[in-house]
Novice: 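Have a look at this one before I ask anything.
Since the structure is predicted, the reported quantities are computational estimates derived from the model, not experimental observations. Letters A, B, ... are given to chains in the order of the sequence lines, protein chains preceding strands, and every chain is numbered from 1.
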Amino acid sequence: MANHIGTVVLPGDVLKDIKPPDGSKKLLLGPGLVEDGDVIKVCKPGILRYRDPGVYWLDCHQKRYVACKGDQVLGIVTQKNVDMFRVDIGCSELASLSYLSFEGATKRNRPDVKVGDVIYAKVLVANKDMEPELVCIDSYGRSSGMGVIRGGGFLIHTSLNLARKLLNPQCVLMKALGNRFKFEIAVGMNGRIWLNTQNDVQTIAIANAIFAAEYMDNDQITSMCKKLSRVMSGME
Amino acid sequence: MAAFTVVKKEDLEAQQKEESVQSLRCITSELGPLTQPDGSAVFTQGDTTALAAVYGPADVKISKELIDRATVEVIYKPKVGLPRPVDRKLERIIKNTLEAAIMALNHPRSLISIVIQETESLGANLACCVNAACMALLDAAVSMNFMVAAVSAAVTDKGEIILDPVSRVEDEARAVLTFVFDSVDKNIVTVITSGQFSQDEYKKCLYLTKQACDNVFSFYKDSLSKKLLKSA
Amino acid sequence: MAEEIRIVQPKEYYKRFLEKDVRPDNRELAEFRPVVLNIGCVTTAEGSALIKIGNTTVICGVKAELAKPDADQPKDGFIVPNVELPPLCSSNFRPGPPGEQAQVLSQTMADVIADSQCLLSESLCICPGKLVWVLHIDLVCLDYDGNVMDACMVALVSALRNTVLPKVTVDEETGDIQTDPTTRVPLQVTCCPVATTFIVFDNKLLLVDPTREEESMATGAVTIVTEGDNLCSIYKPGGTPLTENQIDNCIERAFTHGREVCRLIEDTLLSVDR
Amino acid sequence: MPRDSRRLTGPEECFSPYDFCCSAEKKPGVAISDCMEVDNARTDGRISSQLRPVFLRAGVVSQARGSAYIELNQTKVICSVYGPREVLRREDFSLKGQLTCDFKFLTFSCKQRRMHQQDEHEKDMAVRILEAMESSVCLHKYPKSQINIYVMVLQNDGSALSAAILASCVALASAGIEMYDLVLASSVAICGTQMLTDPTAQEEDAILDSSEKVESAGITTMAFLPSVNQVSAVSFDGQVSLDTLKQSQQVCIENCQKIYQVVRQCLVTYAMEKRKLKGR
């Protein structure tokens, strides 16, 4: 199996030598892999990744978000219904978000959400035959950072794998930027990123830094951030 | 943007025992030239060029909605003027070809729309469009059962067969055949022919195009590896 | 009960039959529907034919008109085939301009005429650079029960074979046109291309001459146009990938079917007195 | 007119070869005398009050709810009925069902080629058919729904309108649409003192655009409900005195009664066949 890991596989490729690791009988297939009878088929172009125990998935480069259970996403409220909001999270249909799935919300006191608000939420239900459903509370009923994002800011759209890259603990971009600038950021798995900085110049700078980071490795990123901070200090 | 170019030199010939006429023209492509669509590609075969853009899975009009599978729509834009019946036929052919490749069952009640702009039609236009569309789908990472590669061949009056003909050859040829193969077991997804030809001429073309389609597939692989490894 | 299943789960319904190698209209997989051909049924047209393949009915009329040829091809006449799928023939079609399917069919007809060269546009020349014939070939589907492509092709060829044009002469000096409706000249139709359509059911079975229901469930289709011992067109627009052998098999069957249909057309032509 | 991008099109302007026939043989328009021979037998050998043989058949279109095909010698008309089906747009919702009619001469159905697009004449015909049928169909039984009649003339050799009405009537009946009564139709051509029953195209042309002026000439078409003995629609082109018109209408009614048996017979046989199929 080693020969496949880390290499690029394309739709239609059959991964014969993927077997559950000895010991556990279980084999977990991530995005891009489907079980077709007794073989495992690739259905997206991507890089095959493996993690113990027996977890396989593809790193694929994609712009369109397809809802997936447990993802934390950023969405924009587009409609208000009787008992739920419709939220655009960038997938094929609008996600639904119940009034009651906010911290401390009851039939009496409804959360204060307006059409156009940006929401940070978790995908509760993601099924190809149903519209996705969001919640803004964890299993304990707490809003662990989720809910309506207030206080201005700026929303940018990126490719999904850039979003994943930023969220990856190995990625130094956030730290590097954090050393120099003071800003708030929220990254959704659906490739939407919310930024809030001290002034527009910084917003633009950071946004560009993020876009630029897509095809950089960590060293390049750090050097880029150094350059950026130098330029910025020149401007301010 | 994952924008770059891979130029396949005539090393294709090396892989084939045929003489020089039996090779594809040089293939180049650019993945993701457009920023707005979910996936896009420019595909060039010799002087023939097509630009394809993919949107989806996106939301679909109720009138077009299918409850058990994704709606696949192809829009072919000719260089000038409104689409005429001849363009509609091309549209239909490309649509059915891609429908076979796309895993429509994975995205029910959604729309996958492919827009193809005729850029430069100098021989083997249909093949070029199909390949461009396939690359665009790969760029958008739409889930697919297999990839498709199209190759056309011309039968001259003397009965000799020329792979991937240029427009001049096409005009003079007695028949032009375009084949589309799938990447898994190289079965025939699409055959479109024009002009009269005998059965063994058909067989010959099939044999040659089948060999040549491997080049297209390996080209797909190279291009995508470059793109993906870059972003990793 | 059977009817209910047919409506609720058509696929299942068909599978049950096909397991036993028979189709719901008790045909075998490789069996064609009975064909009825009526040539010369519309006397207002220069040529006409009506074909019934099972329930599918297509009428074809050829109307000849005169026009000035294009400057760059002074010898070429015009052949203008058009296929109409009116709302009359099936509830799937709405009134208004032709839909995608009709356009594709029209184009296919035009392509087949060009590929098979059964009617050369030069043969429609009356006076080079001055006057040529325009053949408006209109195919109208009256009953849509599948396999319209094959039906159209037969109707088209029969109608062309049936077409006779009045004698038209152009005066060299004055250039006035003279029509003599009493003397009539038949069209020079050199050959008779025949289409044979197969559909792929459930990604494996090959059914010939599909009905509407079968078409709606098909996962792919192949149309093979034969002309004598030559192939005129192999038209497989996508759908389930097929192996070479499957397609070769189709070609073989297409050839035999082609000969039969040609014979039918010939016989019918002999039977119509003109 | 913009070129039709959805069809294959020929050159911009074409003309029929028959416009260039030798002048001796054909004048613009036919003289009425041409279609009348001595001892008022007509060119097709009928006497003035004689109908053409009617061939009528129900259930010819397998896909349609009901359909019919009628032949009056060379006049061939096919008609199919779809529905009742729900109205597509919500705004034209009504408790009374709505009846629509779509009428088309095939491009090759007349001596002169017709265009693909429906022209004024065809729209007018559609309206006339609708008027004839509407009063007889029990539309109140089909709320919120729509019944479509589609009529196509394969070949027009006169009396197309009456043929179309007969066809739509049989089609509706065979579709099991509830009707108060059958709708029969017949045409009469008036020229001077002559009453030509069930005129042919030649006669129609002669009367409508004849070169020499006639003091009274025209064509009456009447739709008649036999069992309730009422008239649902009358259409007349030309100019005649009022009592000649009355007279012509009388002739129409008589002819309709002659046709009644044919229509009846046709529907009975159709019902029988259906029964047999059910039995199996």
Side-chain angles (χ1 to χ4, degrees), chain C residues 41-46 48 50 54-57 59-70 78-82 84 86-92 94-95 97-99 102-103 106-107 109-110 132-136 138 140 142-145 165-166 168 176-182 212, chain D residues 4-22 25-26 60-65 67 69 71 73-74 76 78-83 85 88 100 102 104-118 148-157 171 201:
Chain C
C41 46
V42 178
T43 51
T44 46
E46 274 68 32
S48 63
L50 183 139
N55 287 328
T56 301
T57 315
I59 189 168
C60 176
V62 179
K63 204 82 176 119
E65 292 189 312
L66 301 168
K68 208 171 177 316
D70 285 343
F78 300 89
I79 305 169
V80 189
N82 268 302
E84 296 268 327
L88 174 138
C89 72
S90 160
S91 52
N92 304 351
R94 294 258 157 271
Q103 292 181 47
S106 305
Q107 186 58 43
M109 292 300 129
V132 292
W133 284 108
V134 184
L135 287 190
H136 298 278
D138 287 298
V140 183
L142 301 179
D143 189 345
Y144 188 101
D145 193 13
L165 304 172
V168 175
D176 3 335
I177 303 159
Q178 213 22 287
T179 308
D180 172 8
T182 52
R212 200 195 93 264
Chain D
D4 187 343
S5 74
R6 294 197 182 80
R7 290 191 180 85
L8 300 172
T9 45
E12 283 287 357
E13 83 261 64
C14 313
F15 18 76
S16 161
Y18 303 103
D19 302 349
F20 306 101
C21 293
C22 336
E25 183 254 336
K26 198 158 173 293
V60 288
V61 179
S62 64
Q63 305 299 312
R65 178 91 186 279
S67 58
Y69 173 76
E71 233 177 71
N73 266 356
Q74 291 305 312
K76 306 188 174 87
I78 188 168
C79 168
S80 69
V81 167
Y82 290 90
R85 49 187 172 192
L88 301 164
T100 73
D102 195 77
K104 188 87 193 76
F105 282 110
L106 291 195
T107 51
F108 48 80
S109 62
C110 310
K111 204 145 181 57
Q112 291 284 351
R113 178 164 187 275
R114 301 191 84 101
M115 287 298 105
H116 286 105
Q117 294 84 355
Q118 205 179 26
N148 311 88
I149 307 174
Y150 299 111
V151 185
M152 268 194 186
V153 179
L154 307 186
Q155 182 175 349
N156 177 20
D157 189 17

Novice: Given that the side chain runs from C-beta out, which part of C:Val42 has a heavy atom under 4.5 Å from chain D: side chain, backbone, both or neither?
Specialist: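 When you check distances to chain D, atoms from both the backbone and side chain of C:Val42 fall under 4.5 Å.
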Novice: Before giving the answer on side-chain contact (heavy atoms from CB on, under 4.5 Å), spell out for D:Arg113 and C:Asp138 the whole-Å C-alpha distance, their side-chain angles and the decisive distance to 0.1 Å.
Specialist: CA-CA 11 Å; D:Arg113 178 164 187 275; C:Asp138 287 298; 3.4 Å; yes
Novice: Using modelled atom types only, decide if a donor and an acceptor are shared between the side chain of D:Tyr82 and the backbone of C:Ser90 within a distance under 3.5 Å.
Specialist: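 Looks like yes, one N/O pair under 3.5 Å.
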Novice: Using a cut-off of under 4.5 Å for heavy-atom pairs, which of C:Cys41, C:Ser48, C:Ala110, C:Ala102 has the most such pairs with chain D?
Specialist: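 Option with the top pair count is C:Cys41.
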Novice: Verify, without hydrogens or angle tests, whether C:Thr44 (side chain) and D:Lys111 (backbone) share a donor-acceptor contact under 3.5 angstrom.
Specialist: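 Not confirmed, C:Thr44 side chain does not pair with D:Lys111 backbone.
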Novice: Select, from C:Pro95, C:Gly99, C:Ala64, C:Cys89, the one with the greatest count of heavy-atom pairs under 4.5 Å involving chain D.
Specialist: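 So the answer, after comparing C:Pro95, C:Gly99, C:Ala64, C:Cys89, is C:Cys89.
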Novice: Are D:Arg7 and C:Glu84 packed together at the side-chain level, in the sense that at least one heavy-atom pair is separated by less than 4.5 angstrom?
Specialist: yes
Novice: Flag the one option from C:Leu135, C:Leu142, C:Leu50 with the top tally of heavy-atom pairs under 4.5 Å to chain D.
Specialist: C:Leu142
Novice: Roughly how far apart are C:Gln178 CD and C:Asp180 CG, rounded to 0.5 Å?
Specialist: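 C:Gln178 atom CD to C:Asp180 atom CG measures 8.0 Å (nearest 0.5 Å).
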Novice: Under a plain distance cut-off of 3.5 Å, with no hydrogens placed, do D:Arg85 and D:Asn148 share a side-chain donor-acceptor pair?
Specialist: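 Yes, a side-chain donor-acceptor pair sits under 3.5 Å.
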Novice: Who wins among D:Leu8, D:Thr9, D:Leu106 for the most heavy-atom pairs under 4.5 Å with chain C?
Specialist: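 Heavy-atom pair counts peak at D:Leu8.
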Novice: Is the closest side-chain heavy-atom distance between D:Gln63 and C:Asn92 below 4.5 Å?
Specialist: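 No; the side chains remain at least 4.5 Å from each other.
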Novice: Do D:Gln155 and D:Asn73 get their side chains close enough for a donor-acceptor pair, meaning under 3.5 Å?
Specialist: no
Novice: Could you give me the CA-CA distance, side-chain angles and deciding distance for C:Lys68 and D:Glu12, then say whether salt bridge (Lys or Arg N to Asp or Glu O under 4.0 Å) is met?
Specialist: CA-CA 9 Å; C:Lys68 208 171 177 316; D:Glu12 283 287 357; over 6 Å; no
Novice: Give, as side chain, backbone, both or neither, the part of D:Gln112 having an atom under 4.5 angstrom from any heavy atom of chain C.
Specialist: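 Backbone of D:Gln112 only, per the 4.5 Å heavy-atom cut-off to chain C.
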Novice: Measure C:Pro69 against the heavy atoms of chain D and call it side chain, backbone, both or neither at under 4.5 Å.
Specialist: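 Neither part; nothing is under 4.5 Å.
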Novice: Within the 4.5 Å heavy-atom criterion, are C:Phe78 and C:Asp70 side-chain neighbours or not?
Specialist: yes
Novice: What part of C:Ser106 is in contact with chain D, defined as an atom under 4.5 angstrom from a non-hydrogen atom: side chain, backbone, both or neither?
Specialist: both
Novice: Under 4.5 Å, counting heavy-atom pairs only, tell me which of C:Ala67, C:Pro98, C:Pro97 racks up the most with chain D.
Specialist: C:Pro98
Novice: Picking from C:Ile177, C:Leu165, C:Thr43, C:Asp143, which has the most non-hydrogen pairs under 4.5 angstrom with chain D?
Specialist: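 Greatest number of close heavy-atom pairs with chain D: C:Asp143.
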Novice: Contact part of C:Asp145 toward chain D, heavy-atom cut-off under 4.5 Å: side chain, backbone, both or neither?
Specialist: both
Novice: With side-chain contact (heavy atoms from CB on, under 4.5 Å) as the test, would you mind laying out the steps for C:His136 and D:Cys14 before giving the verdict?
Specialist: CA-CA 11 Å; C:His136 298 278; D:Cys14 313; 4.1 Å; yes
Novice: Between D:Val60 and chain C, which part of the residue has a heavy atom less than 4.5 Å away: side chain, backbone, both or neither?
Specialist: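 For D:Val60, the contact with chain C is made by the backbone alone.
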Novice: Quick check for you: among D:Ala201, D:Ser80, D:Pro11, which has the greatest number of heavy-atom pairs under 4.5 Å with chain C?
Specialist: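 Greatest number of close heavy-atom pairs with chain C: D:Pro11.
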Novice: Which one, D:Thr107, D:Asp157, D:Ile149, leads in non-hydrogen pairs under 4.5 Å with chain C?
Specialist: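 Most pairs with chain C among the choices: D:Thr107.
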Novice: Counting only heavy atoms closer than 4.5 Å, note whether D:Gln74 contacts chain C via side chain, backbone, both or neither.
Specialist: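 The side chain, not the backbone.
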Novice: Heavy-atom pairs under 4.5 Å with chain D are the metric here; pick the option from C:Thr56, C:Asn55, C:Leu66 that has the most.
Specialist: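 Most heavy-atom pairs under 4.5 Å with chain D: C:Leu66.
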Novice: Look at D:Ser16, D:Gly83, D:Ser109, D:Cys110 and state which one has the largest set of heavy-atom pairs under 4.5 Å with chain C.
Specialist: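 If we count pairs closer than 4.5 Å to chain C, D:Cys110 comes out on top.
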Novice: Given that the side chain runs from C-beta out, which part of C:Pro87 has a heavy atom under 4.5 Å from chain D: side chain, backbone, both or neither?
Specialist: both
